[in-house]
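One structure is given below, represented as structure tokens, and several questions about it will come after.
Note that the coordinates shown come from a computational prediction; the quantities given were computed from them, not determined experimentally.
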Amino acid sequence: MSRNRAQAATAPPGPEGLAPRRQRADARRNVDALIEAARTVFATSGVDAPAKEITDLAGVGVGTLYRHFPRRADLVQAVVESGIDAVADAGPELGAALAPAEALTEWIGRLAGLLATKRGLASALHSGDPAFAGLPGYFLQRLGPVLEALLKAAVAAGTVRDDVSAEDILHAVTQLSQPAPGREPEHNQRVVEVFTDGLRRTTDRP
């Protein structure tokens with residue numbers, strides 16, 4: 001769970017007879033529902049969409065939104081962090097289910113998908129709000145070790161070149177995922193796929 005989600009899901013003491021554990025579980029469900037709803041609404045209506053549009057989709061009241069996320073910046077931060085967490089958590093799962101090179105390729109695709117979702121959040125993330133100051137560090141902290149493990153496994157299997165670091169890949173995919181003037185996100189996806197294909201040893205390319 002991200003920092004923001006862990007803080008938001010901390011429920012205050014309730015009426016006597018209501019188990020704190022149940023309160024925390026209910027709060028977590030509400031937080032998760034709000035984050036998922038916000039992710040959808042931000043993608044279609046932008047970060048300044050009415051709060052009611054988010055709460056209606058989440059199935060909770062506006063008061064619940066503001067109790068967990070008093071400022072819009074708190075919600076934006078939670079959306080970004082939850083996306084980072086999802087990509088980070090996918091690493092071990094992919095590593096266990098796929099061959100090393102395929103796991104690395106699939107994970108990089110998910111990373112690119114995460115970066116693509118930032119297009120709709122760009123105005124907020126570049127607003128200078130101090131709430132977002134820690135996001136670059138969180139990005140590296142969560143994703144760096146996961147990518148390092150996937151890359152090491154693929155290099156050890158002899159299917160991926162050994163002269164590229166995890167840091168190189170993170171920076172490259174981040175840059176390749178930047179919006180290109182007059183181009184749709186599919187353009188970035190194709191470019192990232194070309195880059196990923198270049199990571200494979202020549203004899204292992206499909």
Among residues at least two apart in sequence or on other chains, which ones pass side chain to side chain contact (heavy atoms under 4.5 Å, CB included) with Ala38?
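Listed in chain order: Phe42, Ile54, Leu75, Val79.
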
Who passes side chain to side chain contact (heavy atoms under 4.5 Å, CB included) against Asp56, sequence neighbours left out?
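Residues passing side chain to side chain contact (heavy atoms under 4.5 Å, CB included) with Asp56: Lys52.
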
Decide whether Asp74 and Tyr66 meet the rule of one side-chain donor and one side-chain acceptor closer than 3.5 Å.
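No pair is found: no donor N or O on one side chain lies under 3.5 Å from an acceptor on the other.
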
Please check: side-chain N/O of Thr159 versus main-chain N/O of Ala154, any donor-acceptor pairing under 3.5 Å?
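Checking the backbone N and O of Ala154 against the side chain of Thr159, a donor-acceptor pair under 3.5 Å is found.
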
Sub-4.5 Å side-chain heavy-atom contact between Thr64 and Thr55
no

Do any N or O atoms from the side chain of Arg142 and from the backbone of Ala86 form a donor-acceptor pair under 3.5 angstrom?
no

Looking at Thr44 and Val41, would you say the former's side chain and the latter's main chain have a donor-acceptor pair under 3.5 Å?
yes

Pairwise side-chain contact, Glu106 with Thr196, heavy-atom cut-off 4.5 Å (strictly under)
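Heavy-atom side-chain distance check fails, nothing below 4.5 Å.
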
Show your reasoning for whether side chain to side chain contact (heavy atoms under 4.5 Å, CB included) applies to Leu151 and Val160.
CA-CA 8 Å; Leu151 179 61; Val160 168; 3.9 Å; yes

To the nearest 0.5 Å, tell me how far Asn30 CG sits from Phe69 CZ.
10.0 Å

Salt bridge (charged side-chain N to carboxylate O under 4.0 Å, His left out) between Glu186 and Arg190, intermediate numbers included
CA-CA 6 Å; Glu186 289 75 17; Arg190 289 194 300 273; over 6 Å; no

Give the C-alpha distance, both sets of side-chain angles, the deciding distance and a yes or no for side chain to side chain contact (heavy atoms under 4.5 Å, CB included) between Leu65 and Val60.
CA-CA 8 Å; Leu65 169 64; Val60 301; 5.5 Å; no

Point-to-point distance, once rounded to the nearest 0.5 Å, from CD of Glu93 to CG of Leu98
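Those atoms lie 11.0 Å apart.
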
Glu36: what forms a salt bridge (Lys or Arg N to Asp or Glu O under 4.0 Å) with it, not counting sequence neighbours?
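With sequence neighbours excluded, Glu36 shows a salt bridge (Lys or Arg N to Asp or Glu O under 4.0 Å) to Arg39, given in chain and number order.
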
What closest approach, in Å, do Glu148 and Ala166 show between heavy atoms, and which atom pair accounts for it?
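Glu148 and Ala166 have their closest heavy atoms at OE1-CB, 3.3 Å.
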
Walk me through whether Ile35 and Glu81 qualify under side chain to side chain contact (heavy atoms under 4.5 Å, CB included).
CA-CA 10 Å; Ile35 289 173; Glu81 287 187 352; over 6 Å; no

With rounding to the nearest 0.5 Å, note down the distance linking CG in Leu94 to CD in Glu102.
11.0 Å

Can you tell me how far the CG atom of Leu147 sits from the CD1 atom of Ile108, to the nearest 0.5 Å?
6.5 Å

Distance col, row Leu176:CG vs Phe195:CZ, nearest 0.5 angstrom, shows 6.5 Å

CD1/Ile169 to CG/Leu111 distance, rounded to the nearest 0.5 angstrom?
9.5 Å

pair Val80-Phe139: side-chain heavy atoms closer than 4.5 Å
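Sidechains of Phe139 and Val80: no contact.
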
Is Glu53 close to Leu57 at the side-chain level, that is, under 4.5 Å between some pair of heavy atoms?
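They are not in side-chain contact.
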
Between Ser82 and Asp85, do the side chains contain an N or O donor and an N or O acceptor separated by less than 3.5 Å?
no

Gln175/Leu115 under side chain to side chain contact (heavy atoms under 4.5 Å, CB included): CA gap, chis, key distance, verdict
CA-CA 10 Å; Gln175 291 300 315; Leu115 294 170; over 6 Å; no

